[in-house]
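The structure presented is a predicted model; accordingly, all values stated were derived computationally and were not measured. The chains referred to below are lettered A, B, ... by the order of the sequence lines, with proteins before strands, and numbering in each begins at 1.
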2 protein chains.
Amino acid sequence: METRQRLPAAERRESILAAATVVFGERGYAGATTDQIAIAAGISQAYVVRTFGSKETLFVEVARRAVGRIEAAFRAAIAADDGRPVAQRLGAAYIDLVADRGILLSLLHLFSLGSDTAIGRTGREGFLTIYRLVRDEAGLAPDEASHFLAEGMLINTVLALRLQDADEPDAVELVTHACGGDLRKFRELAAD
Amino acid sequence: METRQRLPAAERRESILAAATVVFGERGYAGATTDQIAIAAGISQAYVVRTFGSKETLFVEVARRAVGRIEAAFRAAIAADDGRPVAQRLGAAYIDLVADRGILLSLLHLFSLGSDTAIGRTGREGFLTIYRLVRDEAGLAPDEASHFLAEGMLINTVLALRLQDADEPDAVELVTHACGGDLRKFRELAAD
DNA sequence: GTCTATAGTTCGATAGAC
DNA sequence: GTCTATCGAACTATAGAC
């Protein structure tokens, strides 16, 4: 019988959110179970549910946290002016961020559940938040911002499908263009 | 007690696939139930499972059918040369096609389940098929083809989130740029 | 070709102890 | 703050009749 560590509420919340991000990412919202999340977090299933009230609430918080990560990464990239155009800095920051496959995939699931009342609202808010950030804070014109998001959505898809690990030359070619030529960076992403 | 219609196997398969496309689209692979699909198709749950062997097989066939629809629409657009650049014709064909929200969403769910063995393989095959089609048959250069897919992925996300129905001016602006200026066409898409 | 019935699982959530 | 135990609901798949 292992001794389970007693943590302050805030830390426990964060550790559950981190575990849930991975599990929701791999299995989707409905496909993930609170028991799998509990195991990943090293606690009991009942405690996961009790901490967030319901599986849906937990998913919404996972999604909000992922959006928050993007905001933080983008703000840092905007501030760290190294002479490159801001769009390039944002792109690099994005690729660094989605090295965390869980964040990427959780967002993808969030976006594809737009018809669900609570989840859909969270998705719309999150997506618009990112759009406003790259437009207003990074200073991209609306068409540049839209184009930037489009490239990001292709990166999401390519990574979600694990095309960066595929052997076919066409996959390599597509991935290379999707990431703006820096295939190496994609390949480094752990295949978990 | 209603009298259920007896259909030839091929027609029944197609009617189940159509119903399943809608249900899988709205709820995702794991979130959809064979019972909901059965109700949508007007038959019994057991018959849905019996016809396709398993829920997973059914989903894979739904996804293949959706990819097939895109292939057919793109080939038609390539053949119907009306003077516009081929990328523009493909884009218009794509928007017409994803007016069927079920197809759009089923593909989105397919792409986000790349870690699943069978579903992931189907997703990679499907995505590469589309890439090769726009590159080899439409004749786009690799970077043009990649850019075309990126714009398509943004359209997917915007529609999945139902941003075309949102009131906020920022949503309107984003959707306008995502669809290349033709907001009206997006707005026409039934809000179901 | 299609149904009813149901077996066998699995899951989210709650109760209550420590 | 965290666990064990468990209820009740829901789901996929199978069996077997028509």
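- Across all strands shown, A:A30 has no heavy atoms under 4.0 Å from either base or sugar-phosphate atoms.
- Residue A:R6 contributes atom CZ, which lies 10 Å from atom P of D:dC3 at whole-angstrom precision.
- Note: CD (B:Q45) to P (D:dA10) measures 14 Å, nearest angstrom.
- Out of C:dT4, D:dT2, C:dG1, the shortest distance to the side chain of B:S44 is found at C:dT4.
- Figure legend: cation-pi geometry between B:K55 and B:Y29, with NZ or CZ positioned under 6.0 Å from the six-membered ring centre and within 45° of its axis.
- When rounded to the nearest whole Å, the span between CD of B:Q5 and C1' of C:dT2 equals 13 Å.
- Taking atom OH on B:Y47 and atom C1' on C:dG1, their separation rounds to 5 Å, with Å as the unit.
- Protein atom CZ of B:F24 is 13 Å distant from nucleotide atom P of D:dC11, rounded to whole Å.
- Looking at heavy-atom distances under 4.0 Å, B:A38 makes no contact with the nucleic acid at all.
- By the neighbour-count criterion of 12 heavy atoms within 6.0 Å, atom CZ of A:R89 is densely surrounded, having more than that number from other residues, nucleotides or ligands.
- Spacing between atom OH of B:Y29 and atom C1' of D:dC11 amounts to 12 Å, rounded to whole angstrom units.
- When distances run from any side-chain atom of A:R50 to the nucleotides C:dA13, C:dT2, D:dT2, the shortest one goes to D:dT2.
- For the pair A:I39 CD1 and C:dT10 C1', the interatomic distance rounds to 13 Å; values are reported in whole Å.
- Closest contact between the side chain of A:A46 and the listed nucleotides D:dT14, C:dG12, C:dA15 involves C:dA15.
- The side chain of B:K55 approaches D:dA13 more closely than any other nucleotide in the set C:dG12, C:dT2, D:dA13.
- Atom CG in A:D35 sits about 16 Å away from atom P in D:dT6, given to the nearest Å.
- Rounding to the nearest 0.5 Å places CG of B:L154 at 13.0 Å from CG of B:L149.
- Checked by atom type, the side-chain pair A:T51/A:R13 shows no donor-acceptor distance below 3.5 Å.
- Exactly one of A:R124, A:R64, A:E71 qualifies for a side-chain contact (heavy atoms from CB on, under 4.5 Å) with A:T129. That residue is A:E71.
- Residue-level contact check: A:T51 touches neither bases nor backbone, having no heavy atom under 4.0 Å from any strand.
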